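What follows is a single structure, written as structure tokens, with notes after it.
Chain A is the first sequence line, chain B the second, and so forth, proteins listed ahead of strands; every chain is numbered from 1. Every value quoted in this text rests on a predicted model; they were computed, and no experiment measured them.
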Amino acid sequence: MINITLPDNSVRQYPAGVTSLEIAKSISEGLARNVLAAKVNDEVWDATRPIEQDAFVKLLTWNDEEGKSTLWHSSAHLMAEAIEQLYPGVKFGIGPDIEAGFYYDIDFGQHEIIEADLSRIEAKILEFAREKQVYTRKSVSKKEALDYFTAKGDEYKLELINDLEDGSITFYESGRFTDLCRGPHIPETGFIKAVKLTSIAGAYWRGDEKRKQLTRIYGITFPKQQELTDYLALLEEAKKRDHRKLGKEMELFMFSQRVGQGLPMWLPKGTMLREKLEHFLKKVQRTAGYQQVITPHIGQKELYVTSGHYDKYGKDSFQPIKTPVEGEEFFLKPMNCPHHCEIYKHKPHSYKDLPLRLAEFGTVYRYEQSGELHGLTRVRGFTQDDAHIFCRPDQVKEEFLGVIDIVLLIFKALDFKDYTAQVSLRDPNNREKYIGSDENWEKAERAIIEAVEEKEMKHTIVTGEAAFYGPKLDFMVRDAIGRKWQLGTIQVDYNLPERFELEYVGSDNERHRPVMIHRAPFGSMERFVAVLIEHCAGNFPLWLTPNQAIILPISEKYVDYAQKVLNLLNNSDLRATIDERNEKAGRKIRDAELSKVPYMLVVGEKEEAEGSVSVRKHGAGDLGTFSVDEFVVLINEAINAELGALAK
RNA sequence: GCCGAUGUAGCUCAGCUGGCCAGAGCAGCUGAUUUGUAAUCAGCUGGUCGGCGGUUCGAAUCCGUCCAUCGGCUCCA
């Protein structure tokens, strides 16, 4: 007999070799019908795999993340089986579960596959699901594994097996399909009740651009039809928040084929919003000891030879700008740091001057691959809320703390709660890849980790993800449909100070090399505004929104009064417009509601007579009548409520 | 750049397997109405059906190619 400890800490006794499924049955039949897998001592196992020793067991169902991923992983196998039946001779790469669903990378060989074929595959999947095919785990030797896939002629699996240790290889068999797989899997395919194959994409084998492109089919499955329906409805909902859709509808920004791909143009409302954000950050930075600078959009070749970027300018970049002078070349700036380094160099610095913090909303241009462009989140010309901090090595931690404060302040001002922070360190086994002394690296990495810990930020630490020139801390936020985007970034740089021979004179009267910290709390104005739009679904905070109130005269007779009210609001630094159209009040209200303006001020005979406005709040309805002064107080209080929390 | 999808008026979309001068709603313009908390009425304007080339008696519709956009892959100093 062995002891099985359940999550409630109760201990039950079972014969050795008991399966999680049997344990579930011993608790209740209903539970057993829902068990997809089990966590056995922190490892997810098949529910049908025998447990031979005392163990902690947690039964996993659709309500557990691991339960979902197990179902999806099994679904990938099922899809592979379906595809193999429909397209004999196809070869398989890898087919994992992902955050929402699964995919399988497949070499279709001679077969052509287009989206219209997906419904046929879906039907086959459901057909096989109903067969309640059992997933069977089998340990195989490396030789057996190689023999099997040699006979099958699947070179991708052979390559995978060759990288595996003999003795650790398992196959899973279900229905007519056998796959190299470490598992785990659901007990049988009958759990899969609904399937949607979402898209076809090309994907390079092993993520390597130089290797063959396989066909990746994405899908998602559910244990109930209703769950699929709900999921698709949720996706539709999310699309309504898409910044590309809202940006167009709300006239925030636009693109023009004639101007060029990936080159956004900010419309008046979007510009208003962006400038508000800029002013907000500039103010924060002023109090944090930053100094604004402005540098040109281009720089001479020599600048980039010094910075080392010239070598990276390939034929896949924007090409140099030629001048009438033979051999003279300028580049659109892909970053602001070289210019800022030159500013640092324009005079000698004492250790007492440091840190020197140079900030610039600097527009940069990068020739991103056409397929990579994406709304405002990935563009070819964008403005970084950049700053470079030149400091002594012993100041790195304090500067990190200061920048983290700014990032968190911004997130708070815009109510971003769902972000992740990632600390990227160098790969300790590959030190020659990185520039800078071991001592400085260790000091900086320690400083970053201490800084995030002091701020009690939840964060992940990833080794090997540092840039060659220094470790960094990045902030990521998700967009409406769950894609992660990097926004704020703080990076230590040992490279540019070296290349530009930056120096300061220490208290010892010797020359020393400063550390440079690149940082951009927004990341870029474009990407930040994109994510912001999706975050608030276009309902911007009052302090930020381009149009805080719209005045709605009941008829043309009251336009003059509306103008008076507008002047009063403008005098109080509020942003408002008038709907002067010859329309009924109901129409003006409807349009104002749809345009997401926070406050609507209805003015007619009564209001004109008593110098008041009738206030309606977006999404909330009529608030009653206020004098203009009272409304100014009301709206300012609302703004302070948003920003007041930032005082501390 | 690669795989797949899409491209019809300023916007959202209809136009089936090729066949009357290419349609609707909204927006815009003109006129009427002077309006009280989510759409007033009438008339009018507006399209090289993404560009170019081809097949055909005839192309928005079929084929090729280029461009842009969308979902991914790769990339992201």
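For B:G1, the base has no donor-acceptor partner in the side chain of A:Glu368 [N/O atoms by modelled type, under 3.5 angstrom]. Put simply, the side chain of A:Arg206 and the base of B:C73 share no donor and acceptor less than 3.5 Å apart. For B:C76, its base sits under 3.5 Å from the side chain of A:Arg378 at one donor and acceptor pair at least. If you check distances only, the side chain of A:Tyr204 does reach the base of B:G1 with a donor-acceptor pair under 3.5 Å. For A:Arg616 and B:A38, a side-chain-to-base donor-acceptor distance below 3.5 Å is present, hydrogens and geometry of angles not being considered.
Across all strands shown, B:G25 forms a Watson-Crick or G-U wobble pair, both distances under 3.5 Å, with B:C11. Across all strands shown, nothing is found opposite B:A38 as a Watson-Crick or G-U wobble partner with both distances under 3.5 Å. B:U33 is unpaired under the Watson-Crick or G-U wobble criterion, no partner having all donor-acceptor distances under 3.5 Å. B:G58 is unpaired under the Watson-Crick or G-U wobble criterion, no partner having all donor-acceptor distances under 3.5 Å. The partner of B:G4 is B:C70, by the rule that a Watson-Crick or G-U pair needs both atom distances under 3.5 Å.
With A:Thr545 contributing its side chain and A:Gln548 its backbone, the two residues share no donor-acceptor pair below 3.5 Å. Panel note: side chain A:Arg216, backbone A:Ala203; no donor-acceptor pair is recorded below 3.5 Å.
Base engagement by A:Gly604 is indicated by at least one non-hydrogen atom pair under 4.0 Å involving a base atom. Residue contacts for A:Gly375: at a heavy-atom cut-off of 4.0 Å it reaches the sugar-phosphate backbone alone, with no base atom in range. Using a 4.0 Å heavy-atom criterion, one finds that A:Arg258 contacts no nucleic acid atom at all. Residue A:Gln491 is out of contact with every strand shown, counting any heavy-atom pair closer than 4.0 Å. Nucleic acid contact class of A:Gly207 (heavy atoms, under 4.0 Å, all strands): sugar-phosphate only. Among the heavy atoms of the strands lying under 4.0 Å from A:Glu605 is at least one base atom, whether or not backbone atoms are also near. Among the atoms of the strands shown, only primed sugar atoms or phosphate atoms (P, OP1, OP2) are found under 4.0 Å from some heavy atom of A:Tyr218.
Straight-line distance between the C1' atoms of B:C16 and B:C11: roughly 26 Å, to the nearest whole Å. Nucleotides B:G71 and B:U34, compared at atom P, are 50 Å apart to the nearest Å. Atom name P, nucleotides B:C20 and B:C41: the rounded distance is 34 Å, in whole Å. For the P atoms, the distance from B:A39 to B:C26 is 14 Å, rounded to whole Å. With C1' as the reference atom, B:C63 and B:A59 are 11 Å apart, rounded to whole Å. For B:A22 and B:U61, the P atoms lie 14 Å apart once the distance is rounded to whole Å. Nucleotides B:C13 and B:C52, compared at atom C1', are 27 Å apart to the nearest Å. Here the separation of B:G43 from B:A5, taken at their P atoms, is 44 Å to the nearest Å.
Under 3.5 Å, the side chains of A:Gln491 and A:His518 contain no donor-acceptor pair of N or O atoms.
Counting only heavy atoms from C-beta on, A:Glu556 has its side chain closest to B:U34 among B:A38, B:G72, B:U34. Closest approach to the A:Gln369 side chain among B:C75, B:U40, B:A77 is made by B:C75 (side chain taken as heavy atoms from C-beta onward). Nearest nucleotide to the A:Tyr469 side chain, out of B:U40, B:A77, B:U34: B:A77. With distances taken from any side-chain atom of A:Ser614 to the nucleotides B:G72, B:C76, B:U37, the minimum falls on B:U37.
Mapping A:Lys557 and A:Asp208 onto RNA chain B via the closest heavy atom, the residue that lands nearer the 5' end is A:Lys557. Place A:Met335 and A:Gly260 on RNA chain B by their nearest nucleotides, and A:Gly260 ends up nearer the 5' end.
For A:Gln261 and B:C67, the shortest distance from a side-chain N or O to OP1 or OP2 is not below 4.0 Å. An OP1 or OP2 oxygen of B:G71 is reached within less than 4.0 angstrom by no side-chain nitrogen or oxygen of A:Arg216. Between A:Arg244 and B:C70 there is a side-chain N or O to OP1 or OP2 distance below 4.0 Å. In this model, the phosphate group of B:A27 is approached by a side-chain N or O of A:Arg587 to a distance below 4.0 Å at OP1 or OP2. Applying the 4.0 Å criterion to OP1 and OP2 of B:A77, one finds that A:His518 has every side-chain N and O outside that range.
Between A:Ile220 atom CD1 and B:G72 atom C1' there is a gap of 16 Å when expressed in whole angstrom units. Residue A:Glu580 contributes atom CD, which lies 19 Å from atom P of B:U34 at whole-angstrom precision. Residue A:Leu594 contributes atom CG, which lies 14 Å from atom C1' of B:U37 at whole-angstrom precision. Rounded to an integer number of Å, the gap from NZ of A:Lys588 to C1' of B:U40 is 13 Å. Look at NZ on A:Lys584: it is 13 Å from C1' on B:A38, rounded to the nearest Å. Separating the NZ atom of A:Lys212 from the P atom of B:G1 is a distance of 21 Å, rounded to the nearest angstrom. To the nearest angstrom, P of B:C73 lies 15 Å from CG of A:Leu373. Rounded to an integer number of Å, the gap from CD of A:Glu608 to P of B:G36 is 16 Å.
A centroid separation of less than 6.0 Å is found between the aromatic rings of A:Phe631 and A:Tyr599.
Below 30°, between 30° and 60°, or above 60°: for A:Trp205 and A:Tyr156 the angle between ring planes is above 60°, a perpendicular geometry. The aromatic rings of A:Phe318 and A:Tyr365 sit perpendicular to each other, their planes meeting at more than 60°, with 30° as the lower class boundary. A tilted orientation is assigned to the rings of A:His374 and A:Trp485, their planes being inclined by 30° to 60°.
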> What string of B, S and - do you get for nucleotides 3-15 of chain B 5' to 3' if you count protein non-hydrogen atoms under 4.0 Å?
Replying inline: BSS------S---
>> Working note: A:Asp163 + A:Arg206, criterion salt bridge (Lys or Arg N to Asp or Glu O under 4.0 Å); need CA distance, chi angles, decisive distance, verdict.
In response: CA-CA 13 Å; A:Asp163 290 348; A:Arg206 306 207 119 178; 3.0 Å; yes
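Shown here for A:His111 and A:Pro88, the closest heavy-atom pair between the two residues is NE2-O, 3.2 Å. Contact between A:Arg513 and A:Pro497 at its shortest, heavy atoms only, is NE-O, 3.5 Å.
Under the 4.0 Å criterion applied to side-chain N and carboxylate O atoms, A:Lys557 and A:Glu605 are not assigned as salt-bridge partners.
Shown here are the side-chain hydrogen bond (donor to acceptor under 3.5 Å, both in side chains) partners of A:Tyr204, two or more places apart in sequence or in another chain: there are none.
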